[in-house]
Structure formats: C-alpha cells, structure tokens
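Here's the structure we're looking at; comments come further down.
The figures here come from the full heavy-atom set of this structure, side chains too, leaving out hydrogens, waters and symmetry mates.
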Amino acid sequence: AQSVTQPDDHITVSEGARLELKCNYSSSVSPYLSWYVQYPNQGLQLLLKYESGDNLVSGIKGFEAEFRRSEKSFRLRKIPAHWKDSAKYFCALSDTVPGTAGGAEHKPPGTL
C-alpha cells in the first residue's frame, strides 16, 4: 500500500517570506511524486514532479521541491512568496512512471 499525507491543512505566509509545504509519503517501491496547485476558480495545474535523479526539483512559477528519501518527504518551497500564491496545493504519489498504467493517491489540500 502507498499513501501521502500533508500535515499542514492551512498555513499563513507573509508577503516576501518563505513558503514551505510538507508532503510525507509511504511506499514500498521507488515513488514518483508530484505537486499540483489549484488557484481560485481554476483547475489543477502541475507545478513539478520527481521521478528519479536529483533530489532538488525545479518547477514553474518559481517553485521547487526537495525529495528526502531518508525522511520519506517531498517539500514544496518558494522564496519569496507572493499574494498570488494563495491557493490549494496537492501532493500526489504514484508507483508507476507517469503516463503508464496505474493510479495516484492524494490527500485533501493544504491551503495557503
């Protein structure tokens, strides 16, 4: 079985400060992890994804995420945060390479 949890249901970040959201995962195989964002009145948008290799992943809109296998975590960051970053953020986990058969699980969003 595999799962993801986002321990922060809601966070408040000051303009210009560091934004960080945590995602903890449980998986018996090498995970494929993604962060999505949902801005008000819009659909989900992929921010970034980790498949293998470098533990630091760069995404769109100035976001990056750090994969920490030893902690089983995938932390989303942005410095500096902007008021336009107010949104719902979703961490997703798949045990298959994106684009192949299989599914992903997510936890209800962390809201900024």
Side-chain angles (χ1 to χ4, degrees):
Q2 60 184 12
S3 65
V4 292
T5 56
Q6 289 177 239
D8 304 312
D9 286 336
H10 182 274
I11 65 169
T12 301
V13 177
S14 299
E15 180 85 12
R18 173 191 182 103
L19 181 163
E20 181 169 291
L21 290 171
K22 299 171 189 166
C23 174
N24 300 317
Y25 71 90
S26 175
S27 178
S28 58
V29 297
S30 185
Y32 299 95
L33 294 153
S34 303
W35 275 103
Y36 292 85
V37 62
Q38 185 175 30
Y39 296 105
N41 304 311
Q42 295 185 25
L44 286 176
Q45 183 177 5
L46 177 66
L47 282 175
L48 48 77
K49 61 184 174 179
Y50 172 83
E51 294 175 1
S52 65
D54 193 350
N55 289 348
L56 192 61
V57 181
S58 294
I60 62 171
K61 301 179 185 289
F63 284 91
E64 66 179 21
E66 184 179 5
F67 174 65
R68 298 181 184 177
R69 184 180 303 276
S70 62
E71 296 178 12
K72 293 199 169 188
S73 70
F74 191 48
R75 297 176 182 224
L76 183 69
R77 293 192 296 247
K78 184 176 181 189
I79 306 168
H82 191 271
W83 66 268
K84 290 182 181 177
D85 298 319
S86 294
K88 294 179 180 178
Y89 293 84
F90 298 84
C91 179
L93 165 68
S94 175
D95 61 359
T96 59
V97 177
T100 64
E105 298 181 23
H106 74 272
K107 180 183 184 290
T111 304
L112 176 64

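Tyr50 and Phe67 have parallel rings, their planes meeting at less than 30° on a 0 to 90° scale where 60° marks the start of perpendicular.
Applying the salt bridge (Lys or Arg N to Asp or Glu O under 4.0 Å) test to Glu66 and every residue at least two apart in sequence or in another chain returns Arg68, Arg77. Partners of Lys72 under the side-chain contact (heavy atoms from CB on, under 4.5 Å) rule, at least two apart in sequence or in another chain, are Tyr25. The side-chain contact (heavy atoms from CB on, under 4.5 Å) check on Glu15 picks up His82, Trp83, with sequence neighbours excluded. For Tyr36, there are no ring pair (Phe, Tyr, Trp, His ring centres under 6.0 Å) partners two or more places apart in sequence or in a different chain.
Between Tyr89 and Leu47, the closest side-chain pair of non-hydrogen atoms falls below 4.5 Å. Using a 4.5 Å heavy-atom cutoff, the side chains of Phe63 and Leu76 are in contact.
There is a path of hydrophobic side-chain contacts, each under 4.5 Å, that joins Val37 to Ile11.
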Pair Val13, Lys78 - check side-chain contact (heavy atoms from CB on, under 4.5 Å), show working. CA-CA 11 Å; Val13 177; Lys78 184 176 181 189; over 6 Å; no

Evaluate the criterion side-chain contact (heavy atoms from CB on, under 4.5 Å) for residue pair Gln6 and Asp8; output intermediate values, then yes/no. CA-CA 6 Å; Gln6 289 177 239; Asp8 304 312; over 6 Å; no

Please walk me through it: do Lys61 and Gln45 pass side-chain contact (heavy atoms from CB on, under 4.5 Å)? CA-CA 11 Å; Lys61 301 179 185 289; Gln45 183 177 5; 3.7 Å; yes

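Here the CG-CZ distance, from Asn55 to Phe74, works out to 10.0 Å after rounding to the nearest 0.5 Å.
A pairwise comparison of heavy atoms in Ser86 and Tyr39 identifies O-CD2, 3.9 Å as the closest pair. Ser73 and Asn24 make their closest contact through CB-OD1, 3.6 Å (heavy atoms, listed as atom of the first residue, atom of the second, distance). Minimum interatomic distance between Trp35 and Leu21 (heavy atoms only, all atoms of both residues): CZ2-O, 3.7 Å. Residue Gly59 comes nearest to Leu48 through the heavy atom pair CA-CB, 3.8 Å, listed as atom of the first residue, atom of the second, then distance. A pairwise comparison of heavy atoms in Gly16 and Pro80 identifies O-CB, 3.3 Å as the closest pair. The shortest non-hydrogen separation linking Gln2 to Leu93 is CB-CD2, 3.7 Å.
At least one donor-acceptor pair under 3.5 Å links the side chain of Ser27 to the backbone N or O of Val29.
Among residues at least two apart or in separate chains, salt bridge (charged side-chain N to carboxylate O under 4.0 Å, His left out) pairs with a member in residues 20-34 are Arg18-Glu20, Glu20-Arg75. Residue pairs meeting the disulfide (SG to SG under 2.5 Å) criterion with at least one partner in residues 4-77, sequence neighbours excluded, are Cys23-Cys91.
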